[in-house]
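By convention in this document, chain letters (A, B, ...) are assigned in the order of the sequence lines, proteins followed by strands, and residues within each chain are numbered from 1.
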Amino acid sequence: MKKEKDSGQLFSEEIILAPPARFDFFSTIHAHGWIDLPPFTRLDGRAGFARVDALPSGAVVRLEVSAPGGYPCKEIHVEAVSDRPLDDGGRERVAAMAARMLRLDEDFSEFHALCRRRGEPWRRFARGQGRLLRCPTVFEDLVKVICTTNIQWSGTRRMLAGLVEAFGAPAPRGLWQKLFPLPRVIARASLEDFSARVRLGYRAPYIHALAGEAAAGRLDEESWLDKRLPAGELKKKLLSIKGIGAYAAASMLMLLGRYGEIPADSEFRKWMGEKYFPGEMFDLQKALAVYQDWGRWQGLAYWLEMTHG
DNA sequence: TTCCAGGGGTAGA
DNA sequence: TCTACCCATGGA
């Protein structure tokens, strides 16, 4: 980590993170659509993203995450611009937030070994692929996943932009962006007000209720990152949330680092029809069976194959 | 205008 | 457990 001098009212410093071996920065940030959902924004002219978040200290930080050079990534640059100087705790928090979003501590060696063993075309995924960009909080990922259900991607983007605009705290002057809404801010609004201010359709009561549970501490959703929690138990917790069904639970499991289930949505059915069952009738069970021998990696195997043609 | 999306909840069988 | 029906919104 290295410090830089402050610039007027804002304080900027750059934190350098060392990625794990064979880390593919570009594929991680573009692995699914999250980089296009506010408060994530793409950087102009180079691979990377920016967003504004609050630290536990109350400091508001705009993170700009990028990586020079191509694959394999040698270092990750996190430029942190804040309304106050960061102390050691703040710097550690920023580094941890970036590492979490990029999943730097997640081990994909077993999956990559499977890809190598299978040869082409799977071998290409052993070049550090498999990481899906995620949000700094489980709550934000939950809300976003709910906003992908029964809607086109353009609708998902519209809803998240509306949610951040209506309920996100404004960043201090110069940081130009709003933060992702805190659960308690959403929960504080009446359902009627919440529904009227963001066009979420029938998802509004689900997200409002979810925010209420999270704000009251009854959800304990951050504990779901604990790898000791059995995947089956985690799935039950997810399915108990209104608005989260089989597809959304499988998506959340992947974001939580569990890849044993496939998010079987309309995209999945379309892809399977084109790739594995052209001109054939097939049901969901038959389609899911295609990836069954990937075991606890089947969700990732499907996602990478589908997104890479 | 109608259909449907990166589905899910609920009632009734 | 399975099915039918309903759910709000906006793009195509």
Side-chain angles (χ1 to χ4, degrees), chain A residues 27 29-38 40 130-135 138 140-167 186 189-213 219 232 234-256 258-277 281-288 290-291 298-309:
Chain A
S27 96
I29 64 171
H30 297 114
H32 63 151
W34 255 215
I35 192 172
D36 291 318
L37 297 181
F40 282 114
R131 290 183 170 84
L132 310 175
L133 181 68
R134 65 178 164 190
C135 301
V138 174
E140 186 178 331
D141 276 331
L142 278 168
V143 170
K144 286 179 170 173
V145 165
I146 290 174
C147 288
T148 66
T149 60
N150 199 25
I151 192 86
Q152 291 171 338
W153 183 247
S154 60
T156 301
R157 295 180 66 169
R158 174 187 55 76
M159 290 192 288
L160 267 307
L163 183 63
V164 170
E165 179 56 34
F167 288 92
I186 295 176
S190 68
L191 176 56
E192 291 68 29
D193 185 36
F194 180 64
S195 306
R197 289 170 64 190
V198 196
R199 309 293 284 176
L200 297 170
Y202 62 83
R203 302 162 197 83
Y206 300 154
I207 291 172
H208 188 260
L210 175 70
E213 292 296 296
L219 206 54
L234 191 48
K235 185 181 175 183
K236 278 185 192 167
K237 288 177 186 289
L238 288 163
L239 289 174
S240 73
I241 298 171
K242 287 203 191 309
I244 301 277
Y247 151 78
S251 294
M252 272 309 299
L253 284 169
M254 300 231 310
L255 289 169
L256 292 165
R258 317 299 184 99
Y259 304 96
E261 306 234 359
I262 291 174
D265 53 8
S266 58
E267 196 81 357
F268 172 71
R269 290 189 293 275
K270 182 180 166 211
W271 155 254
M272 293 308 286
E274 290 168 359
K275 173 79 177 179
Y276 289 101
F277 305 101
M281 295 291 287
F282 66 97
D283 60 17
L284 185 59
Q285 293 312 313
K286 199 172 170 183
L288 290 172
V290 168
Y291 294 97
Q298 52 190 299
L300 204 49
Y302 152 65
W303 185 255
L304 288 176
E305 190 182 33
M306 193 269 289
T307 52
H308 289 76

Separation between the [atom1] atoms of [N] and [M], rounded to whole Å:
{"N": "B:dG6", "M": "C:dC5", "atom1": "C1'", "answer": "22 Å"}
{"N": "B:dA11", "M": "C:dA8", "atom1": "P", "answer": "16 Å"}
{"N": "B:dC3", "M": "B:dG7", "atom1": "C1'", "answer": "16 Å"}

- request: Check every nucleotide of DNA chain C for an atom under 4.0 Å from a heavy-atom of chain A, then give the first and the last such nucleotide from 5' to 3'.
  value: C:dC7 to C:dG11

Under 3.5 Å donor-acceptor pairs involving side-chain atoms of residues 234-241 of chain A, not counting sequence neighbours:
residue	atom	partner	partner atom	Å
A:K235	NZ	A:E261	OE1	3.2
A:K235	NZ	A:E261	OE2	3.1
A:S240	OG	A:K237	O	2.6

task: Could you tell me from which nucleotide to which nucleotide of DNA chain B, 5' to 3', there is an atom under 4.0 Å from chain A heavy atoms?
output: B:dA5 to B:dT10

What does [X] touch in the nucleic acid at a heavy-atom separation under 4.0 angstrom: a base, only the sugar-phosphate, or nothing?
{"X": "A:I244", "answer": "sugar-phosphate"}
{"X": "A:A204", "answer": "nothing"}
{"X": "A:R203", "answer": "base"}
{"X": "A:G155", "answer": "nothing"}

query: Is there a residue in residues 261-269 of chain A whose heavy atoms reach under 4.0 Å of DNA chain B, and which residues are they?
result: A:D265, A:S266, A:E267

Nearest-nucleotide 5' precedence on DNA chain B, A:H32 against A:K242: A:H32

Would you tabulate the side-chain donor-acceptor contacts of residues 147-157 of chain A under 3.5 Å, counting partners in other chains and residues two or more places apart, or write 'none'?
residue	atom	partner	partner atom	Å
A:T148	OG1	A:V145	O	2.7
A:T148	OG1	A:Y247	OH	2.7
A:T149	OG1	A:I146	O	2.7
A:N150	ND2	A:Y202	OH	3.2
A:T156	OG1	A:C147	O	2.7

Show me the side-chain donor-acceptor pairs of residues 302-309 of chain A shorter than 3.5 Å, one per line, residues at least two apart or across chains.
residue	atom	partner	partner atom	Å
A:W303	NE1	A:A31	O	2.8
A:E305	OE1	A:Y276	OH	2.8
A:E305	OE1	A:Y291	OH	2.5
A:E305	OE2	A:Y276	OH	2.9
A:T307	OG1	A:W303	O	2.7
A:T307	OG1	A:L304	O	3.4
A:H308	ND1	A:L304	O	2.8
A:H308	NE2	A:Q129	OE1	3.3

Straight-line distance of A:E140 CD to A:W34 CH2, nearest 0.5 Å: 9.0 Å

- prompt: Going from CZ on A:R203 to CG on A:L210, what distance comes out if it is rounded to the nearest 0.5 angstrom?
  reply: 14.5 Å

message: For a quick test of reading the model, state the closest non-hydrogen atom pair linking A:S251 to A:P263 and the distance between them.
response: OG-CB, 3.5 Å

Any side-chain heavy-atom pair of A:L219 and A:L142 under 4.5 Å: yes

